[in-house]
Amino acid sequence: MSDGAIELRDPAQARSDAYAQPLETLNPAQSSLFQADAIWPYFERLRREDPVHFTPDGDFAAHWSITKYNDIMTVDTNHDVFSSEGGITLPPSQKREEEMAAEGGGFGEESLFFKQDAGPQMFIAMDPPKHDVQRKAVSPAVSPHNLAIMEPLIRERCAAILDALPIGEPFDWVDKVSMELTAMTLATLFDMPQADRRKLTRWSDIVMAQPGHGVVDTWEQKRAEMFEYGSYFLGLWAQRKNGPPGGDLISMMAHAEATRDMDQFEYLGNVILLTIGGNDTTRNTISGSIYALNKHPDQYRKLRADPSLIPSMVSETIRWQTPLAHMKRVAKQDFELGGKTIRAGDVVAMWYVSGNRDDEVIENANDYVIDRPRVRHHLSFGFGIHRCVGNRLAELQLRVIWEEILKRFPDIQVLEEPRRTYSTFVKGYERMMVNIPTRN
Ligand code: HEM
């Protein structure tokens, strides 16, 4: 194993760990389990034995884990009961907050992005009516009409990225392909200079980074880079505000009635939302497709033999990968679910990553089957009023890059276990070494 790769937990060991613990203390919300790809038996056991499961303490605040497909749908489509206000990731526990404060970090401080002691101000973390008008203001950027205009540009970039790859020499697919393509697309959506595109990748990593786990070493470094990020986007706002209305996301926000008077915190909150929404998720699906097809060579063969399966493979990868593992809600009133009473004020985690493996709804859900029936029937984009705005853009990028890959490369080989992200939210890959033996 090469330097820095994370040791996969032996699947049998992960399983016996998950089943040996008392059910009451079983806690899937552990970044280390996600990084080690050891999460599966935890969720399998919860789906069978305690599908609506309470975790009183740990790294995150006390919360309910919702692990079955239909229960997740119930929560996600019921925004009158389950609120998104205040954030959509599990908040840290008090103990963890104290630890972070002792390390010189935490989330309570005033910054360019956050008001003192307030959650992020972004429309994914808002309820109606504010959510609805802000969402509507940016949606035209990813309308079918705009996507049709973007497709040739995305194809051209895919071709350039793939044509520059080394042949017969190991390289990191995450860096050279997944990050490049998604950063280029996002820079176009923001109408930023392409030369700055990799800043977006960096900032998107910085927002999610926990110091000491690969991306940044200290909280000071995180704060300094966040400051640079915020300043850059405040500059873009001023520029677009004073210019004519345009079709890019910043200009749309600066001119639409619902968003033009946003304060700095709301604007930068939405910038974070769009940076992460457009970056990490699609990036990790591109890497996930290479990994999944390598793990399932029969499926890779099927795809090569019939490239018309690409759109279906893309959806299957999005389900199988589940690039965002959970979304958080807070109950506004008492609610009965799976024989449990969720009380008003309780925090709830919808574990999409588990619902997508629910055998009662998806046949052989652990298998990766690129031509499975009803392949778009998955939870990865969520449901209800917050359902992913960018889902067609994500699928478009995946489809086009695979159309271009199959034209060029008979095989892309994953050389070793990838390095996975240390997170219970972003489910992805930091590094994936591959080799392309030959070109067509
Ligand atoms: C495979 C790629 C992607 C996945 C898996 C994904 C996943 C999600 C999920 C799970 C939600 C929340 C759904 C809910 O709470 O019910 C969401 C919302 C959102 N996504 Fe995506 N996303 C992807 C790509 C994108 C892209 C490319 C963009 C860029 C425009 C984007 C922008 C957004 C925005 C703005 C929201 C907030 C919508 C709202 O609150 O109304 N996403 N996404």
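Indexing begins at 1, ligand by ligand and atom by atom, following the structure's order.
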message: Could you work out, with ring pair (Phe, Tyr, Trp, His ring centres under 6.0 Å) as the rule, every residue matching His377, not counting sequence neighbours?
response: Tyr69
message: Using 30° and 60° as the class boundaries, would you call the ring planes of Trp402 and Tyr300 parallel, tilted or perpendicular?
response: perpendicular
- prompt: Pro56: what forms a side chain to side chain contact (heavy atoms under 4.5 Å, CB included) with it, not counting sequence neighbours?
  reply: Phe54
Donor-acceptor contact present, side-chain Arg408 to main-chain Glu404, <3.5 Å: yes
message: Pairing donors with acceptors under 3.5 angstrom, does anything connect the side chains of Thr67 and Arg357?
response: no
Could you check ligand 1 for N or O atoms lying under 3.5 Å from protein N or O atoms and list the pairs with distances?
residue, atom, partner, partner atom, Å
ligand 1, 15 (O), Arg329, NH2, 2.8
ligand 1, 16 (O), Asp76, OD1, 3.0
ligand 1, 16 (O), Asp76, OD2, 3.0
ligand 1, 16 (O), Tyr352, OH, 3.4
ligand 1, 16 (O), Phe383, N, 3.3
ligand 1, 16 (O), Phe383, O, 3.2
ligand 1, 40 (O), His131, NE2, 3.4
ligand 1, 40 (O), His386, ND1, 2.7
ligand 1, 41 (O), His131, NE2, 2.6
ligand 1, 41 (O), Arg135, NH1, 2.6
ligand 1, 42 (N), Gly277, O, 3.3

message: List the residues meeting salt bridge (Lys or Arg N to Asp or Glu O under 4.0 Å) with Arg343, not counting sequence neighbours, and say none if there are none.
response: Asp334
